[in-house]
Asks: 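Take a look at this one; I'll ask things after.
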Amino acid sequence: MRNTLIAGNWKMNGSLESVTALVDGIKAGDRGNAELAVCPPSVYLMKIGGMLADTGIALGAQNVCQHESGAYTGEIAASMLKEAGCRYAIVGHSERRSIYGESDEMVAARFQMAIENNIEPILCIGETLEERQQDKTIDVVYRQIDAALAASGIEAFAKSVIAYEPVWAIGTGQVATPEQAQAVHASIRQKLAALNADIADQVQILYGGSMNPGNAADLLSQPDIDGGLIGGASLKADDFLAIAQAA
Ligand code: PEP
């Protein structure tokens, strides 16, 4: 039986004052039975890690460098994220792939660095609208998973989370139907099951893309949707908690 994970990706939003208030709001509210994680901008990780101590709410980073240390201006090492108290690190978010040119191979190297440092990568995969219209959705998500499999092997997925995020649904208000999302999630699990049935059965596969309190229950009721990676709706404590309660 897989637990439901609701993870908030705050992206580059907020201020010290607003993120502190957001954490206070999440801590004070009813989160139902879901596991929660928040991924704040990196400059706030230490502060928020302290605020989350003993709450059971996990801390995540929005990315992790593929190198151990050295001359990589602007990047953050996995060992540093570990020191900051991160359990998770998002890798391969579509904004990193499309705006910053992160390739499947680079994402896979970041995934591997997280694994080596005992940080659970949240591997984001998903197709563009054009790729969906050309019926390439499964090819694309399989290619993105194959890169991580090549770098880290199937065993790494025992300590990883996958987030299926159709690019056309991120931040657009256009959500995949529960049936569309379920079909892709089932295909992802099937692919992993061909390599290791136990790992495929236990890996949490989150849906991301305009999930909100109004659509969360239908998405989360699908058998292969094990939670959500939430962007916009994670910036309001009440909405984030309502999604958790919908699980
Ligand atoms: C995301 O960026 O991971 C995301 C799912 O964003 P939104 O919920 O705003 O679509």
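Both ligands and their constituent atoms are indexed starting at 1 by order of listing.
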Asks: Using a 4.5 Å cut-off on heavy atoms from C-beta on, say whether the side chain of Met12 contacts that of Pro41.
Replies: no
Asks: Purely on distance, is any nitrogen or oxygen of Gly232 under 3.5 Å from one on ligand 1?
Replies: yes
Asks: side-chain contact (heavy atoms from CB on, under 4.5 Å) with Ile48: which of Leu22, Leu59, Ile57?
Replies: Leu59
Asks: Using a 4.0 Å heavy-atom cut-off, which part of Ala169 comes near ligand 1: side chain, backbone, both, or neither?
Replies: backbone
Asks: Under 4.0 Å between a side-chain nitrogen and a carboxylate oxygen: does that hold for Asp54 and Lys27?
Replies: no
Asks: Tell me which protein heavy atom sits closest to atom 3 (O) of ligand 1, plus the residue, atom name and distance to 0.1 Å.
Replies: Glu165 OE2, 2.7 Å
Asks: Against heavy atoms of Gly208, which atoms of ligand 1 measure under 4.0 Å?
Replies: 5 (C)
Asks: For atom 2 (O) of ligand 1, what's the nearest protein heavy-atom neighbour? Residue, atom name and distance, please.
Replies: Lys11 NZ, 2.5 Å
Asks: Just jot down the ligand 1 atoms closer than 4.0 angstrom to any heavy atom of Asn9, in number order.
Replies: 2 (O), 3 (O)
Asks: Got a second to check how far Ile243's CD1 is from Arg31's CZ, nearest 0.5 Å?
Replies: 15.5 Å
Asks: Tell me the contacting part of Ile170 for ligand 1: side chain, backbone, both, or neither, using a 4.0 Å heavy-atom threshold, strictly below.
Replies: both
Asks: Show the atoms of ligand 1 that are less than 4.0 angstrom away from any heavy atom in Gly209.
Replies: 5 (C), 10 (O)
Asks: Kindly give the heavy-atom pair with the smallest separation between Leu241 and Ile26, and that separation in Å.
Replies: CD2-O, 3.9 Å
Asks: Of all the non-hydrogen atoms in the protein, which one sits nearest to atom 1 (C) of ligand 1, and at what distance?
Replies: His93 NE2, 3.2 Å
Asks: Please determine if Gly231 has a nitrogen or oxygen closer than 3.5 Å to a nitrogen or oxygen of ligand 1.
Replies: yes
Asks: N/O to N/O below 3.5 Å, does that happen between Thr172 and ligand 1?
Replies: no
Asks: Taking all non-hydrogen atoms of both residues into account, name the closest pair between Asn196 and Asp198 and its distance.
Replies: OD1-N, 3.0 Å
Asks: Without placing hydrogens or testing angles, list every side-chain donor-acceptor pair under 3.5 Å for residues 148-163, not counting sequence neighbours.
Replies:
residue : atom : partner : partner atom : Å
Ser152  : OG   : Gln112  : OE1          : 2.7
Ser160  : OG   : Ala156  : O            : 2.6

Asks: Does any N/O atom on Gly171 come nearer than 3.5 Å to any N/O atom on ligand 1?
Replies: yes
Asks: In Å, rounded to the nearest 0.5 Å, how long is the span from CD1 of Ile99 to CZ of Arg97?
Replies: 13.0 Å
